[in-house]
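Down below is the structure, laid out as structure tokens.
The basis for the numbers below is simple: all heavy atoms, side chains too, and nothing from hydrogens, waters or symmetry mates.
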Amino acid sequence: MSPGSVPSATTQALLDAGAILAGEGGLASMTVDAVVNRAGTGKGTFYRHFPDQSSFLAALHETFLSGLRAVVADAASQRPPGPQRLQEILMAYLDGCLGQRGLKAFLAEARVVPNIEDRVELAQREFADLLAADLKAMAVRHPGTVARLTVAMAYETAIAEQASGRRERTLRNVLIALAIQAPRVGA
């Protein structure tokens, strides 16, 4: 499945099964047998849609990323760069993470999965570049560095929220405060 393409009904059923399994038991539970059993298909069907398990995991991860990108892009389009947009982007990201089944497994485990670790790093760089525009508009010193650290804090907040299954208001408030109160140029 190529990024941006619309999956067939069978491909979507396999991806949905993978998301459920990831939510129940992490990436370790994501065997081809478990996925096809959950989706109600056979191994041959799986391999017609995905050449191997790694390709399946990459497609599932891309599904998660696509959903997050859409939510974040929508939040970013609502305001000009600055503190309000920064806050809305971070909240959209966290809400988007919290609303996706099985994402915890990818947040916590994806860095060690072949074909996914590079995508995780690219997505984090894209997110940091977006936040850097807000930080630059706020005259924050070293906006790229602050953006990278903010992304790391948002990532950790998302993991904590996945673990609790709810918004962690204190973590969110501190995340926003740290990003918005970063040292300014000339300060």
Side-chain angles (χ1 to χ4, degrees), residues 1-8 11-12 15-16 18-19 22-23 58-108 110-111 115-162 164-185 187:
M1 191 174 90
S2 61
S5 66
V6 176
S8 70
T11 301
Q12 190 60 56
L15 292 170
D16 290 345
L60 185 57
H61 186 255
E62 186 57 41
T63 300
F64 291 140
L65 284 180
S66 294
L68 284 177
R69 282 185 184 115
V71 167
V72 168
D74 184 53
S77 70
Q78 303 299 317
R79 295 187 184 277
Q84 186 65 37
R85 186 179 95 144
L86 176 74
Q87 180 173 344
E88 289 178 13
I89 288 170
L90 288 169
M91 292 303 104
Y93 169 81
L94 293 171
D95 288 341
C97 287
L98 192 55
Q100 292 199 51
R101 289 183 316 211
L103 185 62
K104 178 183 176 189
F106 281 97
L107 288 172
R111 287 200 170 273
N115 294 337
I116 295 178
E117 64 182 324
D118 291 341
R119 292 171 183 191
V120 170
E121 295 208 14
L122 176 62
Q124 288 182 340
R125 275 195 308 269
E126 290 171 353
F127 191 32
D129 290 345
L130 181 65
L131 296 180
D134 295 297
L135 295 164
K136 191 173 187 177
M138 296 161 48
V140 166
R141 214 180 303 158
H142 310 293
T145 301
V146 173
R148 286 181 60 198
L149 292 170
T150 302
V151 167
M153 290 185 298
Y155 191 80
E156 290 299 320
T157 300
I159 290 173
E161 290 187 345
Q162 284 284 322
S164 70
R166 62 181 171 77
R167 290 179 177 163
E168 295 290 342
R169 299 232 183 262
T170 302
L171 285 174
R172 287 178 178 225
N173 290 339
V174 171
L175 170 65
I176 297 300
L178 288 170
I180 290 176
Q181 296 172 14
R184 303 294 196 262
V185 173

Would you mind listing every salt bridge (Lys or Arg N to Asp or Glu O under 4.0 Å) that reaches into residues 142-154, with sequence neighbours excluded?
-> none

So, Thr11 and Ser8: side-chain donor and acceptor under 3.5 Å apart, yes or no?
-> yes

Pairs flagged by salt bridge (Lys or Arg N to Asp or Glu O under 4.0 Å) wherever residues 89-98 is involved - sequence neighbours left out | Asp95-Arg167, Asp95-Arg172

The salt bridge (charged side-chain N to carboxylate O under 4.0 Å, His left out) partners of Glu126 (sequence neighbours excluded) come to Arg69

Non-neighbouring partners of Ala92 that pass side chain to side chain contact (heavy atoms under 4.5 Å, CB included), sequence neighbours left out = Val71, Ala75

Do you know which two heavy atoms are closest between Leu86 and Ala179, and how far apart they sit?
-> CD2-CB, 3.8 Å

List for me each residue that meets side chain to side chain contact (heavy atoms under 4.5 Å, CB included) alongside Met153, sequence neighbours excluded, and say none if there are none.
-> Thr150, Leu175, Leu178

Would you please name every residue forming a salt bridge (charged side-chain N to carboxylate O under 4.0 Å, His left out) with Arg166, sequence neighbours left out?
-> Glu168

Judged by atom type as modelled, is there a donor-acceptor pair below 3.5 Å linking the side chain of Arg184 to the main-chain atoms of Ala182?
-> yes

Can you tell me how far the OG atom of Ser164 sits from the CD1 atom of Ile159, to the nearest 0.5 Å?
-> 12.0 Å

What ring pair (Phe, Tyr, Trp, His ring centres under 6.0 Å) pairs are there with at least one residue in residues 127-151, not counting sequence neighbours?
-> Tyr93-Phe127

Is there a side-chain contact between Met91 and Ile176, using heavy atoms and a 4.5 Å cut-off?
-> yes

About how many Å separate CD of Glu161 and CG of Leu94, when rounded to the nearest 0.5 Å?
-> 5.0 Å

Between Leu171 and Glu156, is a side-chain contact (heavy atoms from CB on, under 4.5 Å) present by the stated rule, with each step listed?
-> CA-CA 9 Å; Leu171 285 174; Glu156 290 299 320; over 6 Å; no

Less than 4.5 Å apart, any side-chain heavy atom of Leu90 and any of Leu131?
-> yes

Side-chain heavy-atom pair Gln100, Thr63 within 4.5 angstrom cut-off | no

Of all residues at least two apart in sequence or in a different chain, which pass the side chain to side chain donor-acceptor pair (under 3.5 Å) check with Gln84?
-> Glu88

Report yes if the side chains of Ile89 and Asp134 come closer than 4.5 Å at any heavy-atom pair, otherwise no.
-> yes

Only counting residues at least two apart or in another chain, list the ones meeting side chain to side chain donor-acceptor pair (under 3.5 Å) with Gln181.
-> none

Can you sort out the partners of Asp74 under side chain to side chain donor-acceptor pair (under 3.5 Å), two or more places apart, ordered by chain and number?
-> Gln78

